[in-house]
Amino acid sequence: MSSAAEQEAVAAEHATPEAVVNGVSRKVPGPPVWPGASTPLGARFRVGPDGVAGTNFALWAGGAEAVELCLFDEAGRETRARLTELTHEIWHGFVPGIMPGQRYGYRVHGRWDPWTGGRWNPAKLLLDPYARAVDGEFLLPPEVYGHVRDWPQQQVADTVRDERDSAPHVPKGVVVHDDDDWADDRRPKTPWADSVIYELHVRGFTRRHPGVPEELRGTYAGLAHPAAVEHLVRLGVTAVELLPVHQFAHEDHLLRRGLKNYWGYNSIGYFAPHAAYAASGTTGQQVGEFKRMVRALHAAGIEVILDVVYNHTAEAGELGPTLSLKGIDNRGYYRLQSDARRYADYTGCGNTLQVVQPHVLRLITDSLRYWVTEMGVDGFRFDLAAALARSMHDVDMLSPFLAVIAQDPVLRRVKLIAEPWDVGSGGYQVGAFPPLWTEWNDRYRDAARDFWRQALPDVREMGYRLSGSSDLYAWGGRRPYASVNFVTAHDGFTLRDLVSYERKHNEANGEGNRDGTNDNRSWNAGTEGATADEDVQALRRRQLRNLLTTLLLSTGVPMLVAGDEFGRTQQGNNNAYCQDNEISWVDWGLLEEPGWRALFELTARLIALRHRHPVLRRRAFFSGRAHSADGLRDLAWFTERGTEMTEADWYAPAATLGMYLSGRDIPGRDERGAPITDDSFLAVLHAGERPVDFVLPGPPWAQRYEVVVDTSREEQDEAPGVALPAGTTVTVPGRAVLLLRVAE
């Protein structure tokens, strides 16, 4: 690394601004660059000395020898100016007269030395990591690679520097004016235990919605439209979890096949809302549009959670493009192997951010705080969170990232969800994250799928998952809502496909059906894919009702995927990450079909039932012990004989499980300090093909019961069913759930 004196000499040598027209540089008088400030990072419009309006630019570039600020007019003409001030490895300057809407980027000078991790190349225009808005799209022609992408000897191609200018081919950052104090916004602040999460894709959710105006479909404004919000309210969810909305790029291998990255797990701008989802414009308008979407959802009582990808970026490995961090300070931002040409890849995407470095940790936490304080969001789901928790190599629950989050006064108060694994050694960490964090519980997903396809050897696993997964989370003060329960997610089959396909059908992805998991734990009811057989169709819809009912009766935080509540299908594609078309978009026409409409109504009814009954959303784990003289416990398990399960019953093959939830013994008190009491319920889950006779348990559990939900029926009665005396033998149809309320 050069000394500070050498860096200043290089900066002084290039202090005269340049204009670049048609690829030709010429010295011209440019805008003055005043010293400005080293904080905050990024481009911040403000009033400078003597009341002069302008923009302060600040960029951390630790090993750089010089940094050029590049300004672009509406015709794409570029003017360059050196940032000559250097404070704690931050290059900075205030440019008077630069107003919101100005497009800009950086060129960073330094040594080209891939063998030691140095990949500086001033021919490449770089996106500001702190850019609040991005104008343009990454299409990845050869010019945007720091090395010669098409070098004949590919094994050394990354060592040959490409001198072509990338500026005409890459998006630019946009100066944005932050003038919103959110004084009129009211965050729902839904407690974790009361939450029902709905995972959706901003574009795919409204792209085919008939109630959303054509020009707004697939945008932030489309999601904010009353027709879209109305569905969420009717369903009863409390939060939307948005697939990535940070500015992202498409991978080269997809572009070559005429496809694009649809899901967005390929971030390149951690402060910028993805421009392609904006209806109002991309020179800063996307920021205001996103904020208005958040306000509209908040007004409806719905929180906004972002799926964020801080574990890697779109720059991939040594053969990937140079778009931002790689050209700013490659070895400062990324984890490198002992052979510094190569990247440590715990993500399967080519690179891993070096989160143990203070400036990288600052980038991530500054981004998180920005989305909370200035964009209004309520929480985050962290993609491959185990990669963020790695210290030098191993996953460490005392890592700098987790420690910083735990003490941050803004971030420790929002919802934090971990995808608790990565692809590296020791990366599977389900149940290991500390208090404050909830986790995607894939053990729940697998157990629910296996139970309903009759693939569990016994019912032990199902018992743990239904009752909050205490085996995973009952430590360190964690609560049942540490478990985000899900049966499906964006990655994998939709719920309808889960009961319609036993094999993936990913041919449309162009990878020879090799992509996507083969471990789907699905059952197609005897026929693969679409069928006209009405009996098969009816059985599949029953299985959907079983899975949704199981999910919404389980202790923990349920997560649904958009469209699963009315039978969305991807035609068996279990890895639709590159399908920006009808395969992935929600088909709202399904709601016009009686069978799928009935599924939606059942889902909404179950969510409403969950909201009404605190026994279904407990804030503490069950004890399984009697708290009164009559021997009634807060949780009890029953066999089909109506007797409590013994140790031997848990280990015996079984397709039937009875779960009793007592509303009399709910820990905690309400806001006024009164004890919390509720109805008690008996849920009978029967995965067997044939009906089973189930004896309803007698005192102290109940005197009589009323059927609330019977998933063997397409339509559900709103009123309570006929009272059934305790001791009655009820016939539970094959593959069905009965939910009964204890009638006192």
Side-chain angles (χ1 to χ4, degrees), residues 11 14-21 25-61 64 66-87 90-109 122 124-136 165-168 170-180 247 269-273 275 280-288 324 327-328 366 370 374:
H14 299 280
T16 304
E18 300 175 355
V20 180
V21 181
S25 300
R26 57 188 179 86
K27 300 286 185 178
V28 297
V33 180
W34 300 348
S38 61
T39 58
L41 292 169
R44 289 296 188 98
F45 173 75
R46 63 179 177 83
V47 175
D50 301 322
V52 176
T55 299
N56 191 83
F57 296 90
L59 176 73
W60 184 91
V67 172
E68 294 176 294
L69 170 65
C70 307
L71 305 173
F72 296 85
D73 64 16
E74 293 183 1
R77 291 185 292 265
E78 175 185 356
T79 300
R80 303 179 190 175
R82 293 283 173 147
L83 299 181
T84 59
E85 299 296 322
L86 182 59
T87 304
I90 297 172
W91 300 80
H92 56 91
F94 178 84
V95 185
I98 298 300
M99 307 298 286
Q102 173 67 56
R103 300 187 306 148
Y104 73 100
Y106 292 108
R107 298 181 188 272
V108 181
H109 296 256
K124 308 306 167 183
L125 185 75
L126 306 174
L127 182 67
D128 180 4
Y130 280 73
R132 304 296 179 94
V134 176
D135 181 44
D165 184 10
S166 70
V170 294
K172 282 74 178 175
V174 181
V175 176
V176 175
H177 184 27
D178 300 317
D179 60 351
D180 199 332
Q247 186 70 39
Y270 290 131
F271 291 78
S280 54
T282 61
T283 54
Q285 299 92 335
Q286 62 265 53
V287 178
S324 182
I328 294 171
D366 282 353
Y370 170 74
E374 297 192 40

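FYI, the numbering just counts along the sequence from 1.
Distance check: Cys70 SG to Tyr106 OH gives 9.5 Å after rounding to the nearest 0.5 Å. In this structure, the separation between CD on Glu68 and OG1 on Thr79 is 11.5 Å, given to the nearest 0.5 Å. Rounding to the nearest 0.5 angstrom, the gap separating the CD atom in Glu78 from the CG atom in Leu69 is 9.5 Å. The distance from the CD1 atom of Ile98 to the CG atom of Leu71 is 4.5 Å, given to the nearest 0.5 Å.
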inquiry  = Please evaluate residues His177 and Arg46 with respect to the criterion side-chain hydrogen bond (donor to acceptor under 3.5 Å, both in side chains), reporting the C-alpha separation (whole Å), side-chain torsions for both, the decisive distance (0.1 Å), and the verdict.
reply    = CA-CA 8 Å; His177 184 27; Arg46 63 179 177 83; over 6 Å; no
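In terms of the salt bridge (Lys or Arg N to Asp or Glu O under 4.0 Å) criterion, residue partners of Asp73 (sequence neighbours excluded) are, by chain and number, Arg77. Partners of Tyr130 by ring pair (Phe, Tyr, Trp, His ring centres under 6.0 Å), not counting sequence neighbours, listed by chain and number: Phe271. In this structure Phe72 satisfies the ring pair (Phe, Tyr, Trp, His ring centres under 6.0 Å) test with no other residue, sequence neighbours excluded. For Ala272, the side-chain contact (heavy atoms from CB on, under 4.5 Å) criterion is met by Val134, Gln247, not counting sequence neighbours. Judged as a salt bridge (Lys or Arg N to Asp or Glu O under 4.0 Å), and not counting sequence neighbours, the contacts of Arg132 are Asp178, Glu374. Contacts of Ala58 classified as side-chain contact (heavy atoms from CB on, under 4.5 Å), with partners at least two apart in sequence or in another chain: Leu41, Asn56, Ile90, His92.
Side-chain atoms of Pro100 and Val174, non-hydrogen and from C-beta on, never get closer than 4.5 Å to each other.
Of the N and O atoms on the side chains of Asp135 and Thr283, not one donor lies less than 3.5 Å from an acceptor on the other residue.
The pair Asp165-Arg107 meets the salt-bridge criterion, since a charged nitrogen lies less than 4.0 angstrom from a carboxylate oxygen.
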